Amino acid sequence: VQLQASGGGLVQPGRSLRLSCRISGTILTYNAIAWFRQAPGREREGVSCISGASTGFSNTDYAESVKGRFVISRDSAADIAYLQMNTVTPEDAGIYYCATVVQDIGDTWCSLSAREYHHWGRGTLVTVSS
């Protein structure tokens, strides 16, 4: 399983940015996917996650700091996961990583804990500045 995150860059406070994570080597429908971020001097934190969709339905979860602003989604046909970041603030800056884990059929959980994910991609840097 390989993951490649992209879409990072410089964004002004209050604006939007969309991150992409291309995932290969697995059937994305059966994977939980999460986004994590790490700012300088801070620990890595879970930002958002989405469960597998084997039941036809996916659960999502968000860190309190991004609820109502960020949206996670998945395009299984294209093997891509997205993180839509809206109304960004300087606190959203950091390196963003995507991660995934294969789930059992019927699983609808996702987690913001890094220990739950087996496969990780290299990060993409998000800088927030005016």
Side-chain angles (χ1 to χ4, degrees):
V1 179
Q2 293 186 326
L3 298 87
Q4 184 173 4
S6 62
L10 175 64
V11 59
Q12 294 179 332
R15 303 299 293 269
S16 298
L17 193 68
R18 188 177 76 166
L19 305 183
S20 300
C21 178
R22 183 172 295 277
I23 304 173
S24 60
T26 187
I27 301 174
L28 207 55
T29 300
Y30 302 117
N31 283 45
I33 304 161
W35 286 93
F36 295 83
R37 69 185 179 193
Q38 186 164 21
R42 301 182 65 178
E43 293 187 356
R44 181 174 52 187
E45 63 171 335
V47 174
S48 182
C49 64
I50 184 168
S51 71
S54 62
T55 63
F57 174 78
S58 293
N59 282 313
T60 59
D61 197 10
Y62 297 90
E64 286 296 327
S65 59
V66 306
K67 278 184 180 177
R69 299 189 298 119
F70 289 13
V71 179
I72 190 171
S73 62
R74 166 184 40 227
D75 182 342
S76 294
D79 293 330
I80 300 177
Y82 299 101
L83 183 69
Q84 178 68 42
M85 305 168 57
N86 300 317
T87 320
V88 300
T89 71
E91 288 70 35
D92 294 323
I95 300 174
Y96 281 71
Y97 301 89
C98 54
T100 192
V101 61
V102 179
Q103 295 190 301
D104 293 329
I105 292 176
D107 279 350
T108 56
W109 61 266
C110 77
S111 172
L112 296 180
S113 172
R115 69 172 66 94
E116 300 290 347
Y117 297 89
H118 299 166
H119 307 285
W120 292 77
R122 293 186 177 182
T124 185
L125 177 64
V126 174
T127 303
V128 182
S129 176
S130 54

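Fair warning: this is a prediction, and the values are worked out from it, not measured in the lab.
- Using a 4.5 Å heavy-atom cutoff, the side chains of S111 and Y117 are in contact.
- Side chain of D104 to backbone of D107: no donor-acceptor contact under 3.5 angstrom is found.
- I95 and V88 fall into different hydrophobic clusters, defined by Ile, Leu, Val, Met, Phe, Trp and Tyr side-chain heavy atoms under 4.5 Å apart, directly or through other members.
- Both I50 and V47 sit in one connected hydrophobic cluster of ILVMFWY residues. Membership requires side-chain heavy atoms under 4.5 Å apart, directly or through other members.
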Only distances under 3.5 Å count here; give the side-chain donor-acceptor pairs of residues 121-130 to other protein atoms, sequence neighbours excluded, each with its distance to 0.1 Å.
unit_1	atom_1	unit_2	atom_2	d
T124	OG1	G8	N	3.0

Could you check S48 against L83 for side chain to side chain contact (heavy atoms under 4.5 Å, CB included), going step by step and ending with a plain yes or no? CA-CA 8 Å; S48 182; L83 183 69; 4.0 Å; yes
Assess the residue pair Y96 and Q38 against the criterion (side chain to side chain contact (heavy atoms under 4.5 Å, CB included)); give the C-alpha distance rounded to whole Å, side-chain angles, the decisive distance to 0.1 Å, and a yes or no. CA-CA 7 Å; Y96 281 71; Q38 186 164 21; over 6 Å; no
Pair C49, D61 - check side chain to side chain contact (heavy atoms under 4.5 Å, CB included), show working. CA-CA 5 Å; C49 64; D61 197 10; 3.6 Å; yes
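- Partners of Y30 according to the side chain to side chain contact (heavy atoms under 4.5 Å, CB included) rule, which considers only residues two or more places apart in sequence or in another chain, are I27, S54, I105.
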Set out, in order, the CA-CA distance, both residues' side-chain angles and the distance that settles side chain to side chain contact (heavy atoms under 4.5 Å, CB included) for I23 and C21, then state yes or no. CA-CA 6 Å; I23 304 173; C21 178; 3.7 Å; yes
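- At least one donor-acceptor pair closer than 3.5 Å links the side chain of S51 to the backbone N or O of N59.
- In terms of modelled atom types and a separation under 3.5 Å, the side chain of N31 and the main chain of I33 share no donor-acceptor contact.
- Between the CG atom of N86 and the CZ atom of R18 there is a distance of 11.5 Å, given to the nearest 0.5 Å.
- Remark: the S58 side chain and the R74 side chain contain an N/O donor-acceptor pair separated by less than 3.5 Å.
- Within the 4.5 Å cutoff, the side chain of L19 has heavy atoms near those of the M85 side chain.
- Connection of F70 to L17 is established within a shared hydrophobic cluster, with ILVMFWY side chains joined at heavy-atom distances below 4.5 Å, either directly or through further cluster members.
- Contact detail for A114 and R44: the closest heavy-atom pair is CB-NH2, 3.8 Å.
- Between the side chain of T26 and the backbone N or O of L28 there is no donor-acceptor pair closer than 3.5 Å.
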Hey, can you pull the donor-acceptor pairs under 3.5 Å for the side chains in residues 62-69, sequence neighbours left out?
unit_1	atom_1	unit_2	atom_2	d
Y62	OH	I72	N	2.9
E64	OE2	K67	NZ	2.9
S65	OG	R37	NH2	3.4
R69	NH1	T87	O	2.9
R69	NH1	D92	OD2	2.7
R69	NH2	S65	O	2.8
R69	NH2	D92	OD1	3.0
R69	NH2	D92	OD2	3.3

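- The aromatic rings of F36 and W120 lie tilted to each other, with the angle between the two planes from 30° to 60°.
- Among all heavy-atom pairs drawn from Q84 and S16, the shortest one is NE2-CB, 3.8 Å.
- With sequence neighbours excluded, the residues forming a side-chain hydrogen bond (donor to acceptor under 3.5 Å, both in side chains) with R115 are S113, listed by chain and number.
- With sequence neighbours left out, the side-chain hydrogen bond (donor to acceptor under 3.5 Å, both in side chains) criterion links T108 to no other residue.
- Atom CD1 of I80 is separated from atom CD of Q4 by 10.5 Å, given to the nearest 0.5 angstrom.
- Partners of E43 by side-chain hydrogen bond (donor to acceptor under 3.5 Å, both in side chains), not counting sequence neighbours: none found.
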